[in-house]
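Just below is one structure, and these are the notes that go with it.
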Amino acid sequence: MPELPEVETTRRGIQPYVEGRTIIKMVIRHRGFRWPIPDQLEDIIQGQKIKTIERRAKYLLFRCETGTLIIHLGMSGRLRVLDNDSHIGKHDHVDIYIDNGHVVRLTDPRRFGAVLWTEADTGAHQLLAHLGPEPLSDFFNADYLRLQSKGRSSTIKSVIMNGEIVVGVGNIYANEALFLAGIHPAKAAGKVSKVKMAKLVEAIKLVLEKALLAGGTTLKDFRKSDGKPGYFAQQLHVYGREQQPCLICQTPISCIRQAQRATYFCKQCQPK
DNA sequence: ACATTGACCTGGGAGC
DNA sequence: TGCTCCCAGGTCAATG
């Protein structure tokens with residue numbers, strides 16, 4: 001479900017309720033996520049203060065006194081702040097009860113996400129150590145992306161979705177950014193011109209910033225931490241618009257499959 | 001080293 | 001109504 005704007009929207013929604021607060025208890029009803037939720041996590045985390053909540057790539061990091069709780073929402077995960085007596089649904093697998101009468105609840109039907117704990121520096125954690133730069137940081141720029149793409153035969157779409165090159169760009173925003181930059185998604189990364197590459201970097205930053213302003217994209221089940229949808233779906237140019245007219249040139253939007261993911265583009269505006 | 005594919009899991013919608 | 005098939009916002013692990 002969530003790409004960078006949705007994860008960051010979730011972080012901002014939860015932050016005021018949890019920072020500086022103490023965890024009364026954690027309840028885990030299902031441990032079978034991508035990796036099993038660690039044994040005794042409930043005991044480790046009980047009574048700890050949450051110092052800050054940060055985001056790295058699509059990971060949410062709850063900085064506690066003796067370590068960091070790492071949560072990934074996978075494809076269908078959702079974190080909400082609720083009153084601590086809220087009804088518990090079928091896919092409400094993890095609850096973190098806070099000392100202000102609220103509960104942070106993880107709902108995840110598909111359980112592709114993760115709930116992990118580390119006492120080491122998260123930068124050294126196996127899942128985080130090899131991640132590329134944040135797309136909205138200055139480290140992600142045209143020179144950098146050109147260097148990373150040099151000599152690569154893989155498609156430009158797979159390169160911008162590769163978390164070791166740049167994080168946070170998932171299928172929706174990869175499609176949208178390539179459209180805004182006028183680049184065919186199946187173009188070999190190493191063959192994208194210098195000018196187009198600069199356009200692509202700017203397009204990625206722009207689309208992520210605008211999506212963040214809109215509170216993310218709600219296609220089906222993404223909801224902000226307060227339960228309301230994000231509104232960026234209204235601003236999508238190509239994603240999910242197969243056969244509908246291009247908003248620039250009226251050509252019907254094409255849909256192909258790349259690495260088993262739907263890829264939408266305008267064959268007129270994004271020539272190969 | 002790099003590139004592609006399968007796997008994990010559930011729910012919803014299309015088609016019969 | 002109910003069955004089967006395909007699809008879905010991610011990404012690690014295995015394979016070529």
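Throughout, protein chains are lettered first and strands after them, A, B, ... in sequence-line order, and every chain is numbered starting at 1.
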Rounded off to whole Å, could you give me the [atom1]-to-[atom2] distance for the [X] and [N] pair?
{"X": "A/Tyr173", "N": "C/dG9", "atom1": "OH", "atom2": "P", "answer": "12 Å"}
{"X": "A/Met161", "N": "C/dG9", "atom1": "CE", "atom2": "P", "answer": "8 Å"}
{"X": "A/Asn175", "N": "C/dG10", "atom1": "CG", "atom2": "C1'", "answer": "15 Å"}
{"X": "A/Gln258", "N": "C/dG9", "atom1": "CD", "atom2": "P", "answer": "13 Å"}
{"X": "A/His130", "N": "C/dG10", "atom1": "NE2", "atom2": "P", "answer": "21 Å"}
{"X": "A/Leu127", "N": "C/dC12", "atom1": "CG", "atom2": "C1'", "answer": "9 Å"}
{"X": "A/Glu176", "N": "C/dG9", "atom1": "CD", "atom2": "C1'", "answer": "13 Å"}
{"X": "A/Phe112", "N": "C/dG10", "atom1": "CZ", "atom2": "P", "answer": "11 Å"}

Test applied, side-chain contact (heavy atoms from CB on, under 4.5 Å); reference residue, A/Tyr59; option that passes from A/Thr122, A/Val167, A/Leu128: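 Testing each of A/Thr122, A/Val167, A/Leu128 against A/Tyr59, the sole residue satisfying side-chain contact (heavy atoms from CB on, under 4.5 Å) is A/Leu128.
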
Look at A/His72 and C/dT11 and indicate whether a side-chain polar atom (N or O) is within less than 4.0 Å of OP1 or OP2.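 Yes.
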
Of all the choices, C/dA8, C/dC12, C/dG10, which nucleotide is nearest to the side chain of A/Tyr59 once you look at every atom?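 The nucleotide sitting nearest to the side chain is C/dC12.
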
Heavy atoms from C-beta onward define the side chain here; which of C/dC12, C/dG9, C/dG10 lies closest to that of A/Lys58?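 From the listed options, C/dG10 comes nearest.
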
On DNA chain B, nearest-nucleotide positions of A/Arg34 versus A/Pro109: which is more 5'?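 Its nearest nucleotide lies further toward 5', so the answer is A/Arg34.
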
Using heavy atoms to find the nearest nucleotide of DNA chain B for A/Arg110 and A/Gly151 separately, return the residue whose nucleotide is more 5′.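 Checking each residue's closest nucleotide, the 5'-ward one belongs to A/Gly151.
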
Under 3.5 Å, is there a donor-acceptor pair linking the side chains of A/Gln48 and A/Thr66?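 Yes, side-chain donor-acceptor contact under 3.5 Å.
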
Check A/Glu202 with A/Lys205, please: is the shortest side-chain N to carboxylate O separation under 4.0 Å?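 Looking at A/Lys205 and A/Glu202, the cut-off is not met.
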
Using a strict cut-off of less than 4.0 Å between a Lys/Arg side-chain nitrogen and an Asp/Glu carboxylate oxygen, indicate whether A/Arg29 and A/Asp95 qualify as a salt bridge.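 The answer is yes: the pair qualifies as a salt bridge.
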
Could you pull out the closest heavy-atom pair between A/Ile23 and A/Cys64, with the gap in Å?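 Smallest interatomic distance, heavy atoms only, reads CD1-SG, 4.5 Å.
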
Minimal non-hydrogen separation, A/Val201 against A/Leu145, with atom names: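 Minimum heavy-atom contact is CG2-CD2, 3.8 Å.
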
Please name the residue in the list A/Lys157, A/Glu176, A/Glu3 that meets the side-chain hydrogen bond (donor to acceptor under 3.5 Å, both in side chains) test with A/Asn171.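 Considering A/Lys157, A/Glu176, A/Glu3, a side-chain hydrogen bond (donor to acceptor under 3.5 Å, both in side chains) with A/Asn171 is found only for A/Lys157.
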
Can you check whether A/Ser86's main-chain N or O pairs, donor with acceptor, with A/Asp83's side chain at less than 3.5 Å?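 No, because the side chain of A/Asp83 does not come within donor-acceptor range (under 3.5 Å) of the backbone of A/Ser86.
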
Base, sugar-phosphate or nothing for [X]? Non-hydrogen atoms, less than 4.0 Å.
{"X": "A/Arg111", "answer": "sugar-phosphate"}
{"X": "A/Arg261", "answer": "base"}
{"X": "A/Phe33", "answer": "nothing"}
{"X": "A/Ser158", "answer": "nothing"}

C1' spacing across the pair B/dA3 / C/dG9, given as an integer number of angstrom: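 Here B/dA3 and C/dG9 have their C1' atoms 23 Å from each other.
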
Give me the distance, rounded to whole Å, that separates C/dA14 from B/dC9 when you measure between the P atoms they each carry.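 The answer is 16 Å between these two P atoms.
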
In chain order, what residues pass the side-chain hydrogen bond (donor to acceptor under 3.5 Å, both in side chains) check against A/Thr107, with sequence neighbours excluded?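 Testing A/Thr107 for side-chain hydrogen bond (donor to acceptor under 3.5 Å, both in side chains), a comparison that skips the adjacent residues, returns A/Arg80, A/Asp92.
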
Taking both distances under 3.5 Å as the test for a Watson-Crick or G-U pair, what stems of at least three pairs does DNA chain C have?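 Result, WC/G-U stems under 3.5 Å: B:2-8 with C:10-16, B:10-16 with C:2-8.
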
Specify whether A/Phe33 and A/His93 have parallel, tilted or perpendicular ring planes, treating 30° as the upper limit for parallel and 60° as the lower limit for perpendicular.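 Correct class here is perpendicular.
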
Under 4.0 Å from any heavy atom of chain A: name the first and the last nucleotide of DNA chain B that qualifies, 5' to 3'.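 On DNA chain B, the outermost contacted nucleotides are B/dA3 to B/dG11.
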
